[in-house]
Visitor: 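Let me give you the structure first, and then I'll get to my questions.
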Amino acid sequence: QVQLVESGGGLVQAGGSLRLSCAASGRTFSSYAMGWFRQAPGKEREFVAALSGSGGTTYYADSMKGRFTISRDNAKNTAYLQMNSLKPEDTAVYYCAATPDTRIRIRAYDYWGQGTQVTVSS
C-alpha cells in the first residue's frame, strides 16, 4: 500500500512556473513507476508525464514536452513535476500516481493522490 500526497499547486500568471511535489509513504519507493495526470473542469483526466522507478526513463504527453519535467528523489520518497511556461489551458487539478513496476507506465496506475489545484491566469 502506498499513500501519495501532492503539494505545490497554486495560482500563477501565464508564462510562470510551478513545481509540484508528490510525497509517498513506504520503503520501496524506487520499485514504483510514477506518473502525473491532470483533470480540467468538464474534461476527462489526461496523462501528463511518467517516470521509471530509477528515474532514468521519462515520457511526456506531446503538449507538455519541453515545458514540463518529471523527476524523483528516491532517498526522499518524492516525485516532482516542474512546470515552466505555463498557459491558461494548463489549469487543472494535478494528480500523482504510483504503481509497483520499475518500468515506465503511462496507464493503469494503482495508487493516486488527492490532487493539487493549478490555476494559470492570462
Side-chain angles (χ1 to χ4, degrees):
Q1 188 78 8
V2 174
Q3 293 185 325
L4 304 172
V5 179
E6 302 98 334
S7 62
L11 174 65
V12 64
Q13 289 187 332
S17 298
L18 281 175
R19 188 176 81 155
L20 306 183
S21 298
C22 174
S25 64
R27 295 177 291 178
T28 58
F29 182 63
S30 62
S31 299
Y32 287 78
M34 299 296 296
W36 286 94
F37 294 76
R38 70 185 186 184
Q39 188 167 20
K43 295 186 177 181
E44 293 186 352
R45 186 171 60 196
E46 66 172 337
F47 168 78
V48 173
L51 184 65
S52 61
S54 68
T57 304
T58 58
Y59 185 80
Y60 298 90
D62 286 344
S63 61
M64 287 67 162
K65 288 180 182 177
R67 298 191 301 125
F68 291 8
T69 303
I70 188 172
S71 62
R72 66 193 298 160
D73 184 338
N74 287 340
K76 295 183 178 179
N77 279 19
T78 302
Y80 305 96
L81 184 68
Q82 177 68 43
M83 305 186 295
N84 299 327
S85 302
L86 283 162
K87 306 174 182 179
E89 51 264 43
D90 293 318
T91 295
V93 177
Y94 283 72
Y95 300 89
C96 70
T99 197
D101 189 342
T102 57
R103 300 166 300 176
I104 199 166
R105 296 273 289 269
I106 62 172
R107 62 179 62 87
Y109 280 82
D110 294 310
Y111 305 103
W112 294 83
Q114 82 289 350
T116 185
Q117 176 70 47
V118 171
T119 302
V120 184
S121 63
S122 58

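The first residue of the sequence shown is numbered 1, and numbering continues consecutively from there. This one's a predicted model, so the numbers in the text were calculated from it and none came from an experiment. Quick note: numbers below take in every heavy atom, side chains included, and nothing from hydrogens, waters or symmetry partners.
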Visitor: Which pair of non-hydrogen atoms, one from C22 and one from W36, has the smallest distance, and what is that distance?
Guide: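 Residues C22 and W36, closest heavy atoms: CB-CZ2, 3.7 Å.
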Visitor: Decide yes or no for S7 and S21: does some side-chain heavy atom of the first lie under 4.5 Å from some side-chain heavy atom of the second?
Guide: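 Yes; the side chains approach each other to less than 4.5 Å.
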Visitor: Let me see the working for F29 and K76 under side-chain contact (heavy atoms from CB on, under 4.5 Å), right down to the final yes or no.
Guide: CA-CA 9 Å; F29 182 63; K76 295 183 178 179; over 6 Å; no
Visitor: Yes or no on side-chain contact (heavy atoms from CB on, under 4.5 Å) for V93 and Y95, after CA distance, side-chain angles and deciding distance?
Guide: CA-CA 7 Å; V93 177; Y95 300 89; 3.4 Å; yes
Visitor: To the nearest 0.5 Å, what is the distance between SG (C96) and CG (L51)?
Guide: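 It is 12.0 Å, given to the nearest 0.5 Å.
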Visitor: Could you give the distance from OG1 (T57) to CD1 (I70), rounded to the nearest 0.5 Å?
Guide: 11.5 Å
Visitor: Under 4.5 Å between any side-chain heavy atoms of Y59 and S52, yes or no?
Guide: no
Visitor: For D101, check salt bridge (charged side-chain N to carboxylate O under 4.0 Å, His left out) against everything at least two apart and list the hits.
Guide: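 Residues passing salt bridge (charged side-chain N to carboxylate O under 4.0 Å, His left out) with D101: R103, R105.
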Visitor: Nearest heavy-atom pair of L4 and Q114: which atoms, and what distance?
Guide: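 In this case the closest contact between L4 and Q114 is O-OE1, 3.6 Å.
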Visitor: If you look at every heavy atom in S122 and A14, which pair is closest and at what distance?
Guide: CA-CB, 4.4 Å
Visitor: Using every non-hydrogen atom in the two residues, find where A49 and Y60 come nearest and quote the distance to one decimal.
Guide: CB-CD2, 3.5 Å
Visitor: Output the distance between atom CD (E44) and atom CD (Q39), rounded to the nearest 0.5 Å.
Guide: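 Those atoms lie 8.0 Å apart.
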Visitor: Give, for atom CE of M83 and atom CZ of R19, the distance between the pair rounded to the nearest 0.5 Å.
Guide: 11.5 Å
Visitor: Quick one, R67 with D90, criterion side-chain contact (heavy atoms from CB on, under 4.5 Å). Give me CA distance, side-chain angles, the key distance, then yes/no.
Guide: CA-CA 11 Å; R67 298 191 301 125; D90 293 318; 2.7 Å; yes
Visitor: Is any side-chain heavy atom of Y80 closer than 4.5 Å to a side-chain heavy atom of D73?
Guide: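 Counting from C-beta outward, Y80 and D73 do come under 4.5 Å.
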Visitor: Report the C-alpha separation of T91 and Q117 in whole Å, then their side-chain angles, then the decisive distance to 0.1 Å, and conclude whether the side-chain contact (heavy atoms from CB on, under 4.5 Å) test is met.
Guide: CA-CA 8 Å; T91 295; Q117 176 70 47; 4.0 Å; yes
